[in-house]
Amino acid sequence: MIPVVCLAGPTGSGKSSAALALAEALNGEILNADSRQVYSDLPIITAQPTPQERAARPHHLYGFLATDKKISAGRWVELATAKARVLHEAGKIPVIVGGSGLYFQALLHGITVIPPADPAIGAHLAGRLNKEGSPALHLELAKADPDYAARIHPNDRQRILRALEVLEITGRPFTWWHTNAMAPPLCKGPLFIINADLRRLTPRLAGRIEQMLACGALEEAKFAFSRCADPEAPGWSGIGAAELLAYVRGSLSFDTCRELWLKNTRAYAKRQLTWFRARPEAIMLPPQQTDKLPALARAYKF
RNA sequence: GCCGGGGUAGCUCAGUUGGUAGAGCAGCGGACUGAAAAUCCGCGUGUCGGCGGUUCAAUCCCGUCCCCCGGCA
């Protein structure tokens, strides 16, 4: 098992600077666990660490992906595990920081090994979904995989699509893969959560948006758009990116764009807190106590 | 000052031919195993502007007062 220290929390809770301090205290290096901070053309909008922060300590898995390329939990686990192993062998502690809950879950608890998706099958299913509606496909899923169908809602297009896709590609239901083909985790370590209060976080989120704009977020979006004009591209799905793109393309006023950006950021922080609170292994820590992280990490029995 | 229109949930508004009211958004709670900054689910008591009157019963009708928005002077 590769020892790692994980730090998560809602967006804007101060993860990046806490992680930097933690890495400095532990002689560690920082590894990104955020599904949006991988995009190379959107460093400001996705709140990637600043050049100063990156100079202070090595940072890995940030800003390496083009806007039209997709990252996934499984792909990330491969990258993160490989990098963590290299760091471990060099005597460094990997400090894994980010806001993507599923990524931590997959890293620390394993993820199902399923053959890669076939874009043609996915597109065909998406087409059927639009024509027939998701309840119809949910019904179809219920026949092949009643257990999984019972756990998801008939309106949950994304999960229905995924489950049917796996069924079609592999001939086995999703539930079978979950129970019989879990890849065991290769990393082990504490999962610290910065337990920020939403009410106190909101003004900070608003301030951060203004700061991003002052740092050239709009120009960044325009440039990224010139390099990837497909609004459906994976990189554009991030909060802030989507709203700025809509403004750049003329479908939103700037005021509405900002309003939506904040609203969506807040809603996202809420979802993150819901996810993290439900992790049984989570070690919750209020934002003003992040200075205790090095001591807590050292005390962890790997 | 006069003439219209309006005052109902945090916001925008609907509605009750009189039986104390409901949508969207916001907000809150939740789910989540390869798009997760994604995708989805659940939750609606509020002096129906104030005070009187009519009525078994008024948020609804009548009177009056207050406030907002137009228009005319």
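All values below come from the heavy atoms of this structure, side chains included, with hydrogens, waters and symmetry mates left out. Chain naming here is simple, since letters A, B, ... match the order of the sequence lines and numbering starts at 1 in each. Owing to the predicted nature of the structure, the values given are computational and were not obtained by experimental measurement.
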**Student:** Report yes if a side-chain nitrogen or oxygen of Lys263(A) is closer than 4.0 Å to either non-bridging phosphate oxygen (OP1 or OP2) of rA26(B); otherwise report no.
**Tutor:**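 Affirmative; the distance criterion is met.
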**Student:** Let me know, please, whether Tyr39(A) or Arg277(A) comes out on the 5' side of the other along RNA chain B by nearest nucleotide.
**Tutor:** Arg277(A)
**Student:** Heavy atoms under 4.0 Å, any strand shown: does Val77(A) hit a base, just sugar-phosphate, or nothing?
**Tutor:** nothing
**Student:** Using the ring of each side chain (for Trp, its six-membered ring), is Trp76(A) parallel, tilted or perpendicular to Tyr103(A), with breaks at 30° and 60°?
**Tutor:**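 The rings of Trp76(A) and Tyr103(A) lie parallel, inter-plane angle below 30°.
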**Student:** Counting any heavy atom closer than 4.0 Å, what does Thr46(A) reach on the DNA or RNA strands: base, sugar-phosphate only, or nothing?
**Tutor:**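 Base, at least one base heavy atom under 4.0 Å.
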**Student:** CG of Asp34(A) versus C1' of rA38(B): gap in Å, rounded?
**Tutor:**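 About 12 Å, once rounded to whole Å.
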**Student:** Does OP1 or OP2 of rC32(B) have a side-chain N or O of Arg271(A) closer than 4.0 Å?
**Tutor:** no
**Student:** Residues of residues 232-259 of chain A with any non-hydrogen atom less than 4.0 angstrom from an atom of RNA chain B: list those, numerically ordered, please.
**Tutor:** Ser237(A), Gly238(A), Ile239(A)
**Student:** Sticking with atom C1', work out how far rA23(B) lies from rU16(B), rounded to a whole angstrom.
**Tutor:**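 Result for the C1' pair: 15 Å, nearest Å.
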**Student:** What's the NZ-P distance between Lys270(A) and rA37(B), to the nearest Å?
**Tutor:**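 Going from Lys270(A) (NZ) to rA37(B) (P), I get 16 Å.
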**Student:** Specify the closest pair of heavy atoms between Leu161(A) and Ala126(A), including all atoms of both residues, with the distance to one decimal.
**Tutor:**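 Closest heavy-atom pair between Leu161(A) and Ala126(A): CD1-N, 4.0 Å.
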**Student:** At their closest point, which heavy atom of Pro116(A) faces which heavy atom of Ile169(A), and how far apart are they?
**Tutor:** O-CD1, 3.8 Å
**Student:** Scan side-chain atoms only and decide if Arg208(A) and Thr265(A) contain a donor-acceptor pair under the 3.5 Å cut-off.
**Tutor:**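 No, no side-chain donor-acceptor pair sits under 3.5 Å.
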**Student:** OP1 or OP2 of rA26(B) less than 4.0 angstrom from a side-chain nitrogen or oxygen of Arg266(A), does that happen here?
**Tutor:**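 Answer is no, no contact under 4.0 Å.
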**Student:** Identify the heavy atoms of Asp118(A) and Ala120(A) that sit nearest to each other, and give their distance.
**Tutor:** OD1-N, 2.9 Å
**Student:** How many Å lie between CD1 on Ile209(A) and P on rA37(B), as a whole number?
**Tutor:** 16 Å
**Student:** Heavy-atom nearest nucleotide on RNA chain B for Arg208(A) versus Thr112(A): which residue maps closer to 5'?
**Tutor:**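 The residue whose closest nucleotide sits nearer the 5' end is Thr112(A).
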**Student:** Among side-chain atoms of Thr175(A) and Asp147(A), is any donor-acceptor pair under 3.5 angstrom?
**Tutor:**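 No, because no side-chain N or O of Thr175(A) sits under 3.5 Å from a partner of the opposite role on Asp147(A).
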**Student:** Mind checking Leu262(A) for me? I need base, sugar-phosphate or nothing, with any heavy atom below 4.0 Å counting as a touch.
**Tutor:**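 Leu262(A): no heavy atom of the nucleic acid under 4.0 Å.
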**Student:** Tell me whether Arg277(A) forms a cation-pi arrangement with Trp275(A), defined as NZ or CZ under 6.0 Å from the six-membered ring centre and within 45 degrees of its axis.
**Tutor:**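 That pair does not qualify as a cation-pi contact.
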**Student:** Grab the CH2-P distance between Trp275(A) and rU39(B) for me, whole Å please.
**Tutor:** 16 Å
**Student:** Given rC28(B), rA31(B), rA35(B), which nucleotide is nearest the side-chain atoms of Thr274(A)?
**Tutor:**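 For the Thr274(A) side chain, the nearest candidate turns out to be rA31(B).
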**Student:** When you measure from every atom of RNA chain B, which of residues 167-184 of chain A have a heavy atom less than 4.0 Å away?
**Tutor:** Phe174(A), His178(A), Met182(A)
**Student:** Atom CG of Leu273(A) to atom C1' of rA31(B): distance rounded to whole Å?
**Tutor:** 15 Å
**Student:** Only Watson-Crick and G-U wobble pairs with both distances less than 3.5 Å should count. Give RNA chain B in dot-bracket notation, marking inter-strand partners with |.
**Tutor:** (((((((..((((.....[..)))).(((((.......))))).....(((((..]....)))))))))))).
**Student:** Please say which of Arg271(A), Arg266(A), Gln272(A) ends up in a side-chain hydrogen bond (donor to acceptor under 3.5 Å, both in side chains) with Tyr268(A).
**Tutor:**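 Of the listed options, the one satisfying the test is Gln272(A).
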**Student:** Looking only at atom C1', what distance separates rG27(B) and rA36(B), rounded to whole Å?
**Tutor:**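 Approximately 23 Å lies between the C1' atom of rG27(B) and that of rA36(B).
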**Student:** Ion pair present between Glu210(A) and Arg258(A), side-chain N to carboxylate O less than 4.0 angstrom?
**Tutor:** yes
**Student:** Between rG7(B) and rU59(B), how far apart are the P atoms? Round to whole Å, please.
**Tutor:** 16 Å
**Student:** Could you tell me how far rC48(B) sits from rC11(B) if I compare only their P atoms? Round to whole Å.
**Tutor:** 15 Å
**Student:** What residues in residues 101-111 of chain A put a non-hydrogen atom under 4.0 Å from any atom of RNA chain B?
**Tutor:**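 Here the set is Leu102(A), Tyr103(A), Gly110(A), Ile111(A).
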**Student:** If you measure from CG on Leu31(A) to SG on Cys6(A), what distance do you get to the nearest 0.5 Å?
**Tutor:** 9.5 Å
**Student:** Could you tell me whether Tyr62(A) and Phe64(A) have their ring centroids closer than 6.0 angstrom?
**Tutor:** no
**Student:** Taking rG71(B) as the reference, what is the distance to rG53(B) when you measure between their P atoms (whole Å, please)?
**Tutor:** 39 Å
**Student:** To the nearest angstrom, how far is Glu165(A) atom CD from rU39(B) atom P?
**Tutor:** 17 Å
**Student:** What pair of heavy atoms forms the shortest contact from Ala73(A) to Ile111(A), and how long is it?
**Tutor:** CB-CD1, 4.1 Å
**Student:** Rounded to the nearest Å, what distance is computed from the CD1 atom of residue Ile121(A) to the P atom of nucleotide rG34(B)?
**Tutor:**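 The answer, rounded to whole Å, is 16 Å.
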**Student:** Do the side chains of Lys222(A) and Glu219(A) get close enough for a salt bridge, i.e. N-O under 4.0 angstrom?
**Tutor:** no
**Student:** Could you tell me whether the side chain of Lys15(A) and the main chain of Gly9(A) form a donor-acceptor pair under 3.5 Å?
**Tutor:** yes
**Student:** Considering only the C1' atoms, how many Å lie between rC66(B) and rA9(B), rounded to the nearest integer?
**Tutor:** 22 Å
**Student:** Ignoring hydrogens and angles, state whether a donor on the side chain of Ser237(A) or Arg36(A) is under 3.5 Å from an acceptor on the partner side chain.
**Tutor:** yes
**Student:** State the OG1-CE distance between Thr112(A) and Met182(A), to the nearest 0.5 angstrom.
**Tutor:**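 Going from the OG1 atom of Thr112(A) to the CE atom of Met182(A) covers 5.0 Å.
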**Student:** Please check if the number of heavy atoms outside His109(A) that lie under 6.0 Å from its NE2 is greater than 12.
**Tutor:**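 More than 12 within 6.0 Å, yes.
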**Student:** Please list, by residue number, the residues of residues 138-152 of chain A whose heavy atoms come closer than 4.0 Å to an atom of RNA chain B; answer none if no residue qualifies.
**Tutor:** Tyr148(A), Arg151(A)
**Student:** Return the CD1 to CZ distance between Ile96(A) and Phe104(A), rounded to the nearest 0.5 Å.
**Tutor:**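 These two atoms lie 7.0 Å from each other.
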**Student:** Is the distance from OP1 or OP2 of rA36(B) to the nearest side-chain N or O of Arg162(A) less than 4.0 Å?
**Tutor:** no
**Student:** Is there a side-chain contact between Ser100(A) and the phosphate of rA36(B), meaning an N or O under 4.0 Å from OP1 or OP2?
**Tutor:**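 For rA36(B), neither OP1 nor OP2 has a side-chain N or O of Ser100(A) closer than 4.0 Å.
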**Student:** Whole Å only: how far is the CG atom of Leu65(A) from the C1' atom of rA37(B)?
**Tutor:**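 After rounding, the gap between these two atoms is 15 Å.
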**Student:** Just by distance, with hydrogens left out, do Gln48(A) and His59(A) show a side-chain donor and acceptor under 3.5 Å apart?
**Tutor:** no
**Student:** When you measure from the side chain of Gln158(A), which nucleotide among rG34(B), rA38(B), rA37(B) comes out closest?
**Tutor:**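 The answer is rA38(B), which lies nearest to the side chain.
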**Student:** Expressed as a whole number of Å, how far does the P atom of rG19(B) sit from that of rG24(B)?
**Tutor:** 24 Å
**Student:** Would you find a donor on one side and an acceptor on the other, under 3.5 Å apart, between the side chain of His138(A) and the backbone of Ala149(A)?
**Tutor:**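 Yes; at least one donor-acceptor contact below 3.5 Å.
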**Student:** Given rC41(B), is OP1 or OP2 found less than 4.0 Å from the side-chain N or O atoms of Asn155(A)?
**Tutor:**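 The answer is yes; a side-chain N or O of Asn155(A) sits under 4.0 Å from OP1 or OP2.
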**Student:** What parts of residues 6-21 of chain A reach RNA chain B, counting only heavy atoms under 4.0 Å away?
**Tutor:** none
**Student:** Could you check whether Thr67(A) and Trp236(A), counting side-chain N and O atoms only, form a donor-acceptor pair closer than 3.5 Å?
**Tutor:**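 Not at all, the side chains of Trp236(A) and Thr67(A) share no donor-acceptor pair under 3.5 Å.
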**Student:** Salt bridge between Lys263(A) and Glu243(A), side-chain N to carboxylate O under 4.0 Å?
**Tutor:**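 No.
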**Student:** Taking the P atom of each, how far is rC61(B) from rG30(B), in whole Å?
**Tutor:** 44 Å
